[in-house]
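Working notes, beginning with the structure itself.
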Amino acid sequence: MKLFIGSLPYNITETELTDIFSGYGNVVSAKLIIDHFSGRPKGFGFVEMETRSEGHKAMEDLNGKEYKHRRLVCNEAKMQKKKGSRRR
DNA sequence: TATGAGCGG
């Protein structure tokens with residue numbers, strides 16, 4: 001499950017995100033979005049969990065959780081890398 | 001280099 005992480009500090013790394021989310025489950029992949037053109041980090045990133053349960057658990061727990069003196073924002077990523085997302 | 005609402009490659 002992909003998760004959208006916002007309000008991330010500019011001094012954070014993918015390793016940090018991986019470590020934080022790995023505490024709730026197995027982190028498949030972690031990506032931080034940095035604008036290389038403006039040299040300005042977007043301040044958010046994406047984290048993919050192996051299961052939806054772990055993703056939701058980490059999302060609800062990390063959403064609104066204080067980290068680096070900042071309020072983290074966690075939501076499900078809207079962008080789907082692969083089609084076939086089952087929805088109802 | 002700094003800053004702060006936002007879904008990347």
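No hydrogens, no waters, no symmetry mates; every other heavy atom, side chains included, goes into these values. Each chain gets a letter, A, B and so on, in the order its sequence line appears, and its residues count up from 1.
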Going by salt bridge (Lys or Arg N to Asp or Glu O under 4.0 Å), name the pairs with one or both residues in residues 20-41 of chain A, residues two or more places apart or in two chains. A:Asp35-A:Lys42
What one should report as the nearest heavy-atom pair of A:Asn63 and A:Val73 is OD1-CA, 3.8 Å
I want to check something: taking the side chain as every heavy atom from C-beta on, are A:Met1 and A:Glu48 in contact at a cut-off of under 4.5 Å? no
Roughly how far apart are A:Ile12 CD1 and A:Leu17 CG, rounded to 0.5 Å? 4.0 Å
Nucleotide B:dG6, atom P - distance to CZ of A:Phe4 in whole Å: 9 Å
Mapping A:Gly43 and A:Glu76 to their closest nucleotides on DNA chain B, which lands nearer the 5' end? A:Gly43
How many whole angstroms separate atom NZ of A:Lys2 from atom C1' of B:dC7? 10 Å
Which of residues 49-73 of chain A have a heavy atom under 4.0 Å from DNA chain B? A:Val73
With syn defined as a glycosidic angle within 90° of 0 and anti as everything else, classify B:dG4. anti
Would you kindly give the NZ-to-P distance between A:Lys31 and B:dC7, to the nearest whole Å? 18 Å
Under 3.5 Å donor-acceptor pairs involving side-chain atoms of residues 20-27 of chain A, not counting sequence neighbours:
unit_1: A:Ser22; atom_1: OG; unit_2: A:Thr18; atom_2: O; d: 2.8
unit_1: A:Ser22; atom_1: OG; unit_2: A:Asp19; atom_2: O; d: 2.6
unit_1: A:Tyr24; atom_1: OH; unit_2: A:Asp61; atom_2: OD2; d: 2.3
unit_1: A:Asn26; atom_1: ND2; unit_2: A:Glu50; atom_2: OE1; d: 3.0

For A:Thr51, which residues count as a side chain to side chain contact (heavy atoms under 4.5 Å, CB included) partner, sequence neighbours excluded? A:Ser53, A:Glu54
Nearest-Å distance for atom pair CG/P, residues A:Leu3 and B:dC7: 16 Å
Once side chain to side chain donor-acceptor pair (under 3.5 Å) is applied, do any residues pair with A:Tyr67, and if so which ones, sequence neighbours excluded? A:Glu16
With no angle test and no hydrogens, is the base of B:dG8 tied to the side chain of A:Lys78 by a donor-acceptor pair under 3.5 Å? no
Nearest to the side chain of A:Pro41, heavy atoms from C-beta on, is which of B:dT3, B:dG8, B:dG6? B:dT3
I need the NZ-C1' distance between A:Lys42 and B:dG6, as an integer number of Å. 10 Å
Tracing side-chain contacts under 4.5 Å among Ile, Leu, Val, Met, Phe, Trp and Tyr outward from A:Ile34 reaches none
Grab the CZ-P distance between A:Arg40 and B:dG8 for me, whole Å please. 17 Å
Expressed as a whole number of angstroms, how long is the span from A:Asp35:CG to B:dC7:P? 14 Å
By side chain to side chain contact (heavy atoms under 4.5 Å, CB included), A:Arg71 pairs with (sequence neighbours left out) A:Glu66
Going by heavy atoms closer than 4.0 Å, what residues in residues 8-16 of chain A are next to DNA chain B? A:Leu8, A:Pro9, A:Tyr10
Would A:Phe46 pass as stacked on B:dG8, i.e. its ring centre under 5.5 Å from the base's six-membered ring centre and planes under 30° apart? yes
